[in-house]
Amino acid sequence: MSRYSFVSAVAALALVTSPLLAAPPAGVPEDWEKAAEQINPATLRSSIAFLANDLVEGRGPATRGDSLARLWIATQFESLGLRPGGANGSWEQPVPVVGIKTGAPAIWSFKAKSANGAQTDLKFFDDYIATSGVQSETAGFKNAELVFVGYGIQAPEYGWDDFKGANLEGKILVMLNNDPDWDDHMFAGKTRLFYGRWVYKYESAARQHAAGAIIIHTTPSAGYPFQVVQTSWTGERFGLPAENEPRVQLEGWATEAATRRLLASAGQDLDKLVAAAHRKDFKPVPLGITTSIELHNTIRRVETANVIGVLPGGGLGPNGLAAQAVLVTAHHDHLGIGKPNAKGDTIYNGAEDNASGISQMLSIARAMVALPERPARSLVFIAWAAEEQGLLGSKYYSLHPTVPAGRITAIVNYDGGALWGRTHDIGLIGNGKSNIDDLATEMAAVQGRIVVPDQFPDRGSFYRSDQFNLAKIGVPALYFKRGIEVIGQPAGYGKQMSEAYEANDYHQPSDELTAAWNFDGMVDDARLGFLCTLALANRPVGPTWNPGDEFEAARKKALAEAGN
């Protein structure tokens, strides 16, 4: 369905407009409360039980499990009475992807340029991970020099440039993870920005015409242990088909210990380099180390798909609220079948990440169709493809939206769920970026809960899930994260459990549905999303980015193009 056919189809409906909410509610209408009862532990658990079952094989992109998951989600949409929102009247928006399985050498050798010419060997998987940055059968370089470039960031708004005009063509850029985080007035302090994400760093290196980039991994700077890199960056990796954008030959990671050993071979000290990188006047440092590598790639050009269902709105007129939409989304993919863990399990089920998000999205759709009157704006439910590969499904949608960006009122995205019971708080990822914060606070108060900023701001979560790609085209985003003040548990319990999940189960075969899951908190969070989505769909004026926010200009552009 094209963006224009969507608008004309929903505008043609002459249904009764739902009441518009004006003042912050002391409660919610009775019919909202009754519809919200459709969101319950049984409906949430059953969806996760299917999607995270071994028979679905971890839902890796363009696999049998991926196709099965997409078909199942489409049948759920159809059973709820939604309308197909994909291509040519189908439930799917095909997403072309290029799969690359990189054959990296077991040992990657580096040679110091000093008189002794010391050689340092890094072991694949244990010391380093490398994948091809180009979509060709071979990639690599010969005798390329390593250069330390600090954080690899160019941010003129902060007067920051790690490159200082240096000629880095053909070099291997060694970069720190994260972004500068020691000053609240620089790079938002401890809150990680897009500058701290790996995708930015590889793109930044490509803009310098570098041959490759190596990010130094530490658990604090990444927000997860090296085992997550090992499981996420091995096996087949996917990307959208290359166009004319610059690319590096190699996208790599190295452990902190391996990096220290490598630098020491050339008389370099990582701590001193890091200290230098903390200054605005930092300049790239040639490390006196060269290396060669050849990567052999197996290439597949295949398709996955976003699955899209539409509940047309009840707003009247061709330019009424029905011609606008609120997106409710979650990604359907995970990592598929990969390296076995200590128990021999090879299936990365992705129960929490993100069968739980799909389950919450479907439960919200079920509650919406249970309302006696349709919301004024249309609702578009989207199960994103290939999120784990770099937000590919939502990126493709942002380039080919079924609804013009200026007519998308907001996106409500789910990525993960509460596993350990009800919480007094709920985390709002992106808090402070838009006035959608006020709506979240109002609706959380209906539940007797409080909204708090991102409890783990150093993780950069806003830039790690699919709402980011919609924000880039101007769409205000609502992205909740499970609370950590678990009712009935001692202080610190929720944070402890979240950190344990990150350390032991995130992107591991152990991310499975178990009898220990407590769905009460997930019910609350999904019902909160339901209330917020209804308010977004019914209020006469949509949310806006706060003045000066990084996405404000994109929103103004999108609204102008849509004639709003």
Verdict with supporting geometry, Tyr493 and Trp420, ring pair (Phe, Tyr, Trp, His ring centres under 6.0 Å): CA-CA 9 Å; Tyr493 174 82; Trp420 307 294; 7.4 Å; no

Is there a side-chain contact (heavy atoms from CB on, under 4.5 Å) between Val412 and Tyr414 once you walk through the steps? CA-CA 7 Å; Val412 179; Tyr414 279 88; 4.0 Å; yes

Given the rule in the side chain to side chain donor-acceptor pair (under 3.5 Å) test, do Tyr479 and Lys481 qualify, once you have shown the distances and angles that lead to the verdict? CA-CA 7 Å; Tyr479 175 24; Lys481 207 66 173 176; 3.2 Å; yes

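Nearest heavy atoms, Trp545 versus Ala477: CH2-N, 3.9 Å. Closest approach of Ser398 to Asn469, counting heavy atoms only: CB-O, 3.7 Å. Closest approach of Ala205 to Ala213, counting heavy atoms only: CB-CB, 3.8 Å. Taking all atoms of both residues into account, the shortest heavy-atom contact from Phe456 to Ser498 is CZ-CB, 4.0 Å.
Of the possible donor and acceptor atoms, none in the side chain of Asn341 sits under 3.5 Å from a partner among the backbone N and O of Ser510. No donor-acceptor pair under 3.5 Å is formed between the side chain of Tyr200 and the backbone N or O of Leu193. With Ser232 contributing its side chain and Val229 its backbone, the two residues share no donor-acceptor pair below 3.5 Å. Looking only at distances, no side-chain donor or acceptor of Arg192 sits under 3.5 Å from a matching main-chain atom of Ser461. Side chain of Asn297 to backbone of Ile100: no donor-acceptor contact under 3.5 angstrom is found. At least one donor-acceptor pair closer than 3.5 Å links the side chain of Ser359 to the backbone N or O of Leu44. At least one donor-acceptor pair closer than 3.5 Å links the side chain of Asn306 to the backbone N or O of Ala385. With hydrogens and angles disregarded, no donor-acceptor distance shorter than 3.5 Å links the side chain of Tyr202 to the backbone of Gly212. Looking only at distances, a side-chain donor or acceptor of Asp269 sits under 3.5 Å from a matching main-chain atom of Lys272. Proximity of a side-chain donor or acceptor of Asp183 to a complementary backbone N or O of His185 within less than 3.5 Å is detected.
The salt bridge (Lys or Arg N to Asp or Glu O under 4.0 Å) analysis of residues 489-506, with sequence neighbours excluded, yields the pairs Arg459-Glu502. A salt bridge (Lys or Arg N to Asp or Glu O under 4.0 Å) check over residues 283-307, counting only residues at least two apart or in different chains, returns the pairs Glu236-Arg300. Residue pairs meeting the salt bridge (Lys or Arg N to Asp or Glu O under 4.0 Å) criterion with at least one partner in residues 343-359, sequence neighbours excluded, are Glu352-Arg482.
How far CZ of Phe462 is from CG of Leu428: 9.5 Å, rounded to the nearest 0.5 Å. The distance from the CG atom of Asp454 to the CD1 atom of Ile429 is 3.5 Å, given to the nearest 0.5 Å. The CE atom of Met361 lies 11.5 Å from the NE2 atom of His331; values are rounded to the nearest 0.5 Å. Summarising the geometry, atom CG belonging to Asn53 is positioned 9.5 Å from atom CG belonging to Leu51; distances are rounded to the nearest 0.5 Å. To the nearest 0.5 angstrom, Leu287 atom CG is 5.0 Å from Ile289 atom CD1. For the atom pair Glu137 CD and Ile299 CD1, the distance stands at 7.0 Å (nearest 0.5 Å).
A donor atom on one side chain and an acceptor atom on the other are found under 3.5 Å apart for Gln208 and Gln154. The closest side-chain donor-acceptor pair between Asp127 and Thr255, if any, does not fall under 3.5 angstrom. There is no side-chain donor-acceptor pair under 3.5 Å between Glu387 and His334. When only modelled atom types and interatomic distance are considered, Thr290 and Asn143 share no side-chain donor-acceptor pair under 3.5 Å. Donor-acceptor pairing under 3.5 Å is recorded for the side chains of Tyr501 and Asp511. Between the side chains of Asp415 and Ser465, at least one donor N or O lies within less than 3.5 Å of an accepting N or O.
Partners of Lys280 according to the side-chain contact (heavy atoms from CB on, under 4.5 Å) rule, which considers only residues two or more places apart in sequence or in another chain, are Trp160, Met186. The side chain to side chain donor-acceptor pair (under 3.5 Å) test applied to Glu157 returns Tyr195, not counting sequence neighbours. When the ring-ring contact (aromatic ring centres under 6.0 Å, His included) test is applied to Tyr396, the partners found at least two apart in sequence or on another chain are His400. The side chain to side chain donor-acceptor pair (under 3.5 Å) check on Ser221 picks up Thr218, with sequence neighbours excluded. With sequence neighbours left out, the side-chain contact (heavy atoms from CB on, under 4.5 Å) criterion links Thr63 to Asp66. For the side chain to side chain donor-acceptor pair (under 3.5 Å) test, residues two or more places apart in sequence or in another chain that qualify with Asp549 are Lys433. For Glu245, the salt bridge (charged side-chain N to carboxylate O under 4.0 Å, His left out) partners two or more places apart in sequence, or in a different chain, are Arg247. Looking at residues two or more places apart in sequence or on another chain, you find a side chain to side chain donor-acceptor pair (under 3.5 Å) between Asp54 and Asn349.
In this structure, Arg70 forms no cation-pi arrangement with Trp72, as its terminal cationic atom is not both closer than 6.0 Å to the ring centre and no more than 45° off the ring axis.
For Phe226 and Tyr128, the ring centers sit 6.0 Å or farther from each other. Proximity of the aromatic rings of Trp384 and His332 is defined here by a centroid distance below 6.0 angstrom, and this criterion is not met.
Using a 4.5 Å heavy-atom cutoff, the side chains of Leu295 and Pro105 are in contact. Side-chain contact between Tyr348 and Lys339 is present, with heavy atoms from C-beta onward closer than 4.5 Å. With contacts defined as side-chain heavy-atom distances shorter than 4.5 Å, the pair Leu273/Gln268 qualifies.
Ring geometry for Phe194 versus Phe468: interplanar angle of 30 to 60°, hence tilted.
By the 4.0 Å N-to-carboxylate-O rule, Arg260 lies close enough to Asp271 to be salt-bridged with it.
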Side-chain atoms of residues 165-174: list all donor-acceptor pairs with protein atoms under 3.5 Å, sequence neighbours left out, distances to 0.1 Å.
| residue | atom | partner | partner atom | Å |
| --- | --- | --- | --- | --- |
| Asn167 | OD1 | Glu169 | N | 3.2 |
| Lys171 | NZ | Glu145 | OE1 | 3.3 |

